[in-house]
K.L.:
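Have a look at this one before I ask anything.
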2 protein chains.
Amino acid sequence: MAASDWSEHVHAVLSEAGLKRGGARERVIELLAREPCALSAVEIEDELRARGRPTGRASVYRVLELLAEHGLVERVAVGDGQTRFERSQPGGDHHHHLVCEQCGRLVAFDDPGLEHAIDRLSERLGVTIDSHDVLLRGACRSCG
Amino acid sequence: MAASDWSEHVHAVLSEAGLKRGGARERVIELLAREPCALSAVEIEDELRARGRPTGRASVYRVLELLAEHGLVERVAVGDGQTRFERSQPGGDHHHHLVCEQCGRLVAFDDPGLEHAIDRLSERLGVTIDSHDVLLRGACRSCG
DNA sequence: CATTATCTGGGAATGAGTCTCATTCCCGTT
DNA sequence: AACGGGAATGAGACTCATTCCCAGATAATG
């Protein structure tokens, strides 16, 4: 899904939900569309200000919350005390992350074996799993 | 590993590292030894005060940091804005958690299949994995 | 028991995230 | 094009976990 497709998809979903448009929303969506890397609310606020489009903190958090509610972004926790957000893949596809302890870079990956193991786990434990997160810590290929 | 064994192990490791003893340290260690469930620093501070052994906030955080550095406790992030800590198992054994979205309870589990999937992943991606976290969100057996 | 490095705790500082509320904006209706 | 009401926005106060600072207490050692 290209950035522009994602952004169109977002607008379609939000309009479908009967929501109006607004400057702050457009700006945050546009930024997320162009920067697929996981961004924190603070980074988004700073980046928008740096681009000469200052946007209220409350609005940034509101937009992120709204997008998350509609499954349009995913929260990514990498263990620094901040919540990061990145646009989610279509069709329920999702990936996880490796945090490189040397360079701090975030490496995305997906793995059917891992997903399968989690599915089986759900049955074994007799619980319902709505969602899951996996975070690896280590050295990325360049640093390892 | 029984609680008392863990507590002895902790004292052995810290003494080996040439550290002195102190009241705050003893109190936090004792509490963690008896309550294997993942506790946050705030909960620890409150619980100690409730037991009539008030302990400075800074000391609680310092002890937890110290124990974590020596691999004696593990940080558990469940996505509320707090870091939780629980005594770590011997021999590198470890488990993961399911957060019940209904009752908020934390359910611990382990799964060789999951660990295996992560091991293979390391090879497939060509990266070194030092540690990993898995967090499931869903409904526990009583709520599901 | 003197010495000294370590430990402790009160409180101020920090920083992410939340809340409030007055103002502004969008958009269907007139 | 003007209107009206609900939605969206933003400034800043606020919460709350965590960190920092520093002066005073304490444990181990000789």
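Order of the sequence lines fixes the chain letters, A, B, ..., with proteins taken first and strands second; residue numbering starts at 1 for each chain.
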K.L.:
For the pair A:E74 and A:R87, find out whether any cationic side-chain nitrogen is under 4.0 Å from an anionic carboxylate oxygen.
P.N.:
no

K.L.:
Think B:S59 has a side-chain N or O under 4.0 angstrom from the OP1 or OP2 of C:dC7?
P.N.:
no

K.L.:
Any side-chain N or O of B:R27 less than 4.0 Å from the OP1 or OP2 oxygen of C:dG9?
P.N.:
yes

K.L.:
Check every nucleotide of DNA chain D for an atom under 4.0 Å from a heavy-atom of chain A, then give the first and the last such nucleotide from 5' to 3'.
P.N.:
D:dG5 to D:dA13

K.L.:
Distance alone, cut at 3.5 Å: any donor-acceptor contact between the side chains of B:H11 and B:E16?
P.N.:
no

K.L.:
When you match B:G23 and B:R57 each to their closest nucleotide on DNA chain C, which lands nearer the 5' end?
P.N.:
B:G23

K.L.:
Would you mind telling me which of B:V99, B:L106, B:V107 makes a side-chain contact (heavy atoms from CB on, under 4.5 Å) with B:C140?
P.N.:
B:V107

K.L.:
For A:R21 and C:dG28, give me the distance from atom CZ to atom P, rounded to whole Å.
P.N.:
12 Å

K.L.:
So, are A:E65 and A:R75 salt-bridged, with charged N and O less than 4.0 Å apart?
P.N.:
yes

K.L.:
Could you give the CZ-to-P distance, from A:R62 to C:dG17, as a whole number of Å?
P.N.:
16 Å

K.L.:
Atom CG of A:L14 to atom C1' of C:dC26: distance rounded to whole Å?
P.N.:
15 Å

K.L.:
Measure from the side-chain N and O atoms of B:S88 to the backbone N and O of B:G71, and report whether any donor-acceptor pair falls under 3.5 Å.
P.N.:
yes

K.L.:
For B:R49 and C:dT8, give me the distance from atom CZ to atom P, rounded to whole Å.
P.N.:
17 Å

K.L.:
What's the OH-P distance between B:Y61 and C:dG15, to the nearest Å?
P.N.:
16 Å

K.L.:
Strictly by modelled atom types, are A:H96 and B:H132 linked by a side-chain donor-acceptor pair under 3.5 Å?
P.N.:
no

K.L.:
Taking 4.0 angstrom as the limit, do A:R137 and A:E101 come out as a salt bridge?
P.N.:
no

K.L.:
Rounded to the nearest Å, what distance is computed from the CG atom of residue A:L19 to the C1' atom of nucleotide C:dC27?
P.N.:
13 Å

K.L.:
Could you check whether B:A24 gets within reach of a base, just the sugar-phosphate, or nothing at all, counting any heavy atom under 4.0 Å?
P.N.:
sugar-phosphate

K.L.:
For A:I29, does its backbone N or O pair with a side-chain atom of A:W6 as donor and acceptor, under 3.5 Å?
P.N.:
no

K.L.:
Quick one, which residues of residues 76-84 of chain B touch DNA chain D with a heavy atom under 4.0 Å?
P.N.:
B:G81, B:Q82, B:T83

K.L.:
Judged by atom type as modelled, is there a donor-acceptor pair below 3.5 Å linking the side chain of A:T128 to the main-chain atoms of B:G138?
P.N.:
no

